[in-house]
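Keep in mind the model is a prediction, meaning the values are calculated, not measured.
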Amino acid sequence: MFSQGTTNLGVSGGDGSLDFLRNNIQFQTLRSLVQANPQNLQPMLQELGKQNPQVMRLIQQHQAEFLQLINEPHEGAEGDLLEQAEPDIPHSISVTPEEQAAIERLEAMGFDRALVIEAFLACDRNEELAVNYLLENAGDYED
């Protein structure tokens, strides 16, 4: 979920603070998913613990700060992350042919493309996790 190099950003400050997460696009996606459905927090934290135990340890050591960060409103006006992006940041994400195939397989299951991409990226481009996330939360997205 957060790359191994991500912890260096927080540790370099010397205090182990979680401020480095505030500008991390993966954290921003996680925050928006959790704010939309708080039940997502526990499974995502479990996955984070598997993928990056260093960040998970920091979160455990600074639980109050993490809860404050996860509950912060998005910077600027409310809306999705693409609307909040800096104007000079392109609104595209590069994917490998394998990742594109995974996205297409998820779409073939009947999920909306935007939702598939959001879940796929939030689950650190792990197709199995994205499938689980989409299936567990399918009822949340039906009109």
Side-chain angles (χ1 to χ4, degrees), residues 1-11 13 16-143:
M1 188 168 286
F2 299 103
S3 64
Q4 290 290 331
T6 301
T7 55
N8 294 337
L9 295 172
V11 175
S17 172
L18 298 178
D19 281 341
F20 71 98
L21 289 176
R22 187 171 276 118
N23 297 320
N24 181 291
I25 191 70
Q26 292 169 321
F27 176 76
Q28 292 172 5
T29 303
L30 170 83
R31 178 174 55 198
S32 65
L33 290 171
V34 168
Q35 287 178 353
N37 184 357
Q39 295 174 340
N40 294 332
L41 180 61
Q42 194 59 36
M44 289 185 164
L45 285 177
Q46 289 173 349
E47 186 57 33
L48 174 62
K50 293 176 192 171
Q51 293 184 12
N52 195 329
Q54 292 174 312
V55 170
M56 190 62 203
R57 265 186 248 114
L58 279 173
I59 289 171
Q60 289 170 336
Q61 292 168 356
H62 302 278
Q63 288 181 10
E65 183 181 356
F66 176 75
L67 290 174
Q68 182 180 5
L69 283 172
I70 205 81
N71 287 309
E72 278 182 358
H74 300 291
E75 303 264 333
E78 290 197 19
D80 67 29
L81 290 176
L82 293 179
E83 292 172 3
Q84 299 173 28
E86 295 293 326
D88 57 341
I89 297 176
H91 292 275
S92 64
I93 297 173
S94 299
V95 293
T96 65
E98 293 82 15
E99 291 169 340
Q100 181 61 38
I103 290 169
E104 290 170 2
R105 284 190 294 272
L106 293 170
E107 281 184 278
M109 294 177 70
F111 295 105
D112 177 68
R113 181 172 179 79
L115 184 61
V116 165
I117 292 170
E118 184 177 333
F120 188 70
L121 294 175
C123 293
D124 201 29
R125 300 175 186 234
N126 181 311
E127 183 177 4
E128 290 179 29
L129 289 176
V131 167
N132 288 338
Y133 173 80
L134 290 166
L135 291 174
E136 288 174 7
N137 299 289
D140 298 340
Y141 304 108
E142 294 176 2
D143 290 326

What distance separates Ile70 CD1 from Gln63 CD, expressed to the nearest 0.5 Å? 13.0 Å
Which atom of Glu65 lies closest to which atom of Ser17, heavy atoms considered: OE2-OG, 2.9 Å
May I ask you to test the Ile59-Leu48 pair for a side-chain heavy-atom distance under 4.5 Å? yes
Pairwise side-chain contact, Asn126 with Tyr133, heavy-atom cut-off 4.5 Å (strictly under): no
CD (Glu47) and CG (Leu30) are apart, to the nearest 0.5 Å, by 11.5 Å
Return yes if some donor-acceptor pair links the side-chain N/O of Glu127 with the main-chain N/O of Ile103 below 3.5 Å, else return no. no
Could you give the distance from CD (Glu128) to SG (Cys123), rounded to the nearest 0.5 Å? 11.0 Å
Grab the two heavy atoms, one from Ser94 and one from Glu99, that are nearest each other, plus how far apart they are. O-OE1, 4.3 Å
Just so I know, are the side chains of Val116 and Glu104 near enough to count as touching, which here means a heavy-atom distance under 4.5 Å? no
Arg113: which residues meet the salt bridge (charged side-chain N to carboxylate O under 4.0 Å, His left out) condition with it, sequence neighbours left out? Glu107
Does the side chain of Glu72 come under 3.5 Å of the side chain of Gln68 through a donor N or O and an acceptor N or O? no
Check the pair Leu21 / Arg31 against side-chain contact (heavy atoms from CB on, under 4.5 Å), numbers first and verdict last. CA-CA 10 Å; Leu21 289 176; Arg31 178 174 55 198; over 6 Å; no
Work out which heavy atom in Asn71 is nearest to a heavy atom in Leu67; give both atom names and the distance. ND2-O, 2.8 Å
Measure the CD-OG1 distance between Glu118 and Thr29 for me, rounded to the nearest 0.5 Å. 7.0 Å
Between Ala102 and Phe120, the two heavy atoms sitting closest are CB-CE1, 3.9 Å
From CD (Gln26) to CG (Leu121), nearest 0.5 Å: 8.5 Å
Indicate yes or no: at least one non-hydrogen side-chain atom of Phe27 is less than 4.5 angstrom from one of Leu18. no
Is the shortest side-chain heavy-atom distance between Leu115 and Leu134 below 4.5 Å? yes
Just how far is it from atom CG of Leu33 to atom CG of Asn37, taken to the nearest 0.5 Å? 9.0 Å
Side-chain touch Leu135/Phe111, heavy atoms, less than 4.5 angstrom: yes
